Amino acid sequence: MAKGDDMFVRYSDEVEAIHQGESEISEQIAATLLDVAKKVGERQRHTVRAVHAKSHGLLKAEVTILPDLRGELRQGLFAKPGSYGVIMRFSTDPGDILSDHISTTRGLAIKVVGVKGEMLANHAGQVTQDFVFNNASTFAAHAEDFLKVIGLRARHVDDPDALKQVVSSAAQTAEETLELVGQGSGFLKGFGHPPTHPLGETYYTAAPLRFGDYFGKMQLAPVSPSLITLRGKHVDHPHSWNCVKDSIVAFFQKDTAVWELRFQPCTDLTKMPVEDASVEWDERLSPYLTVARITAQPQNAYSDARRVWVDEHLSFNPWHSLASHRPLGSIMRARFQSYQASSHFRRTAEGRPIVEPRSIEELPD
C-alpha cells in the first residue's frame with residue numbers, strides 16, 4: 001500500500017474489502033431498524049429516527065478551518081482556510097423517546113453548511129457535509145455484528161421503561177467494574193452509559209472515512225475551559241426525564257463552547273484496519289491532528305421552532321458528503337441503506353419533507 005512522505009497510507013479503492021453477503025446483511029439491518037421505527041411510531045403515534053431518536057441540544061455554531069495546516073491535511077473540506085455555519089444535534093442512541101434516567105450512549109451529528117465541491121452521487125447538488133459521531137472510539141466490528149446488536153435491541157423495544165432502567169443500571173455497574181481493570185466495553189456502554197454530561201464528552205466517528213488523498217477517523221474534542229470542567233461530570237438531576245437536554249440548555253444560557261475537530265490518519269493498514277470498526281487505532285502510531293475548531297456561542301439550545309425544524313425535517317447521514325470524505329468500511333456501507341430507509345419512512349409516514357439546508361440562516365433561533 002502506497003504511503004506519502006509523511007507515512008500516511010494513501011487512499012485507493014483497495015483499502016476496502018466488501019464481504020460476501022454484505023448486501024443482504026445491509027438489507028436486514030435496514031429492515032430491522034425500520035421495524036423499530038414502526039413499532040415506536042405506532043406506540044407514540046408519531047414517527048422518529050430509527051436510531052438517535054431523542055435530541056438533547058440543537059446548536060448553531062461555526063467551524064473554522066485552521067490557516068496553517070500542513071500540506072497533507074489540506075484535503076476536501078479542509079483544503080483552504082475559511083469558516084462555515086454548522087448545525088449540531090446532540091442525541092442518545094436508542095430509536096425511542098426514553099426518559100434520560102435510562103442512560104445510553106451519547107451521539108453528536110454535525111452538518112456543515114455552505115460547502116462547495118464534488119459531492120457523492122447520492123448527495124449531488126447539495127452544499128452540506130455531515131459528520132456523525134458517538135462518544136465511543138470503537139463500534140461493532142462489521143455489518144454482521146451490527147445486525148446482532150440492533151436485533152437484540154429490536155426484540156426489547158416494547159419492554160417497559162422500568163425494565164429498561166434495570167438493564168441500564170446493571171450495565172453501568174458492569175461497565176464501571178470493567179473500567180477499573182482497564183477493560184471498558186463499547187457494547188455495554190450502549191446499554192448503560194454513565195449519566196455523564198454530553199458537553200464534556202469526546203466524540204468519534206469510530207469508523208473511517210476518506211480524507212482526500214488519505215483516509216482515517218475523525219474526533220471532536222472539547223477544548224474550552226467551560227467544557228473541560230464537565231469531563232466525567234454527571235448531569236444535574238440524573239433521574240429526571242429531560243436531564244440531558246436541561247443540562248445543555250442551562251450551559252448555553254451563558255457559556256461559549258469550543259471543540260477541536262481532529263483527523264487520525266491511517267499509517268499502518270494492518271494495525272489500523274478499515275473493515276473492522278471494533279479495533280481502536282493506536283494513537284502512538286498515529287495521533288489525532290487538529291484541522292478545525294468549532295465554536296458555539298450562548299443561545300437557546302432547544303427552542304420549540306428549532307426542535308421541530310431539526311428533528312422533523314433534517315436528516316444527518318455520513319453519506320451526505322463530499323466525494324473526498326466518502327465513508328469507508330463495512331459499518332459505513334451498512335449505514336448507507338439503513339439511513340436512507342429511515343429518512344424515507346419518516347418523510348412518508350408523517351407527510352413532511354426532509355430538508356437539506358443551503359444557508360445556516362435557515363436554522364430557527
Side-chain angles (χ1 to χ4, degrees), residues 52 54-64 86-94 98-110 131-138 168-169 171-173 175-176 178-180 184-186 188-206 217-262 264 283 288 290 292-303 306-307 310 316:
H52 292 278
K54 189 175 184 182
S55 62
H56 304 285
L58 308 170
L59 304 180
K60 178 185 289 186
E62 182 178 68
V63 60
T64 300
V86 171
I87 300 167
M88 306 179 73
R89 182 182 186 266
F90 289 86
S91 62
T92 36
D93 182 60
L98 303 174
S99 170
D100 290 349
H101 77 272
I102 303 172
S103 189
T104 60
T105 304
R106 282 77 170 97
L108 171 60
I110 68 174
F131 296 104
V132 177
F133 303 89
N134 282 301
N135 66 329
S137 56
T138 58
S168 175
S169 298
Q172 286 179 40
T173 301
E175 178 63 28
E176 289 168 359
L178 285 171
E179 286 187 343
L180 287 174
S185 164
L188 279 179
K189 283 182 178 178
F191 286 87
H193 190 278
T196 50
H197 200 301
L199 296 180
E201 297 281 356
T202 297
Y203 293 88
Y204 306 83
T205 60
K217 299 183 180 183
M218 302 293 289
Q219 177 195 79
L220 192 72
V223 294
S224 59
S226 57
L227 295 182
I228 291 173
T229 59
L230 298 176
R231 285 179 178 169
K233 181 180 178 181
H234 285 195
V235 294
D236 294 331
H237 312 296
H239 298 293
S240 69
W241 181 272
N242 285 318
C243 59
V244 177
K245 184 264 288 181
D246 292 344
S247 296
I248 294 177
V249 170
F251 177 93
F252 281 104
Q253 286 177 349
K254 59 182 183 348
D255 285 318
T256 296
V258 182
W259 296 266
E260 285 185 351
L261 185 57
R262 300 168 178 170
Q264 184 185 30
E283 293 186 45
Y288 280 95
T290 301
R293 290 190 180 91
I294 295 180
T295 303
Q297 303 290 345
Q299 59 190 281
N300 183 345
Y302 208 82
S303 70
R306 186 173 288 185
R307 187 204 64 77
V310 175
F316 294 87

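Keep in mind that the numbers below use all heavy atoms, side chains included, and drop hydrogens, waters and symmetry copies. Here the structure is a predicted model, which is why all the values come from computation and not from measurement. We number each residue from 1, following the sequence as shown.
Between Phe90 and Val244, the closest side-chain pair of non-hydrogen atoms is not below 4.5 Å. Two residues are said to be in side-chain contact when any heavy atoms from C-beta on lie closer than 4.5 Å; Val132 and His52 fail this criterion. With contacts defined as side-chain heavy-atom distances shorter than 4.5 Å, the pair Tyr288/Tyr204 qualifies. Arg307 places none of its side-chain heavy atoms less than 4.5 Å from the side chain of Lys245. Using a 4.5 Å heavy-atom cutoff, the side chains of Phe316 and Val310 are in contact. Within the 4.5 Å cutoff, side-chain heavy atoms of Thr105 are placed close to those of Asn135.
The CD1 atom of Ile110 lies 11.5 Å from the CG atom of Leu59; values are rounded to the nearest 0.5 Å. To the nearest 0.5 Å, atom CE of residue Met88 and atom OH of residue Tyr203 are 8.5 Å apart. Note that CZ of Phe252 and NZ of Lys60 are 13.5 Å apart. Values are rounded to the nearest 0.5 Å. Taken to the nearest 0.5 Å, the NE2 atom of His197 stands 7.0 Å off from the CG atom of Asp236. Taken to the nearest 0.5 Å, the CD atom of Gln253 stands 11.5 Å off from the CD atom of Gln299. Rounded to the nearest 0.5 angstrom, His237 NE2 and Asn242 CG are separated by 12.5 Å.
The two residues Pro194 and His234 make their nearest non-hydrogen contact at CB-NE2, 4.5 Å. In terms of heavy atoms, Ala257 sits closest to Phe251 at CB-CE2, 3.9 Å. The shortest non-hydrogen separation linking Ile248 to Pro198 is CD1-CG, 3.6 Å. When all heavy atoms are compared, the tightest approach of Leu98 to Lys54 is O-NZ, 2.7 Å.
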Show which side-chain atoms of residues 217-228 pair as donor or acceptor with protein atoms under 3.5 Å away, not counting sequence neighbours.
residue : atom : partner : partner atom : Å
Lys217  : NZ   : Ala206  : O            : 2.9
Lys217  : NZ   : Val279  : O            : 3.1
Gln219  : OE1  : Arg262  : NH1          : 3.0
Ser224  : OG   : Ser226  : OG           : 3.3
Ser224  : OG   : Val258  : N            : 3.1
Ser226  : OG   : Thr256  : O            : 2.8

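In this structure, the side chain of Arg106 engages the main chain of Thr196 through a donor-acceptor pair within 3.5 Å.
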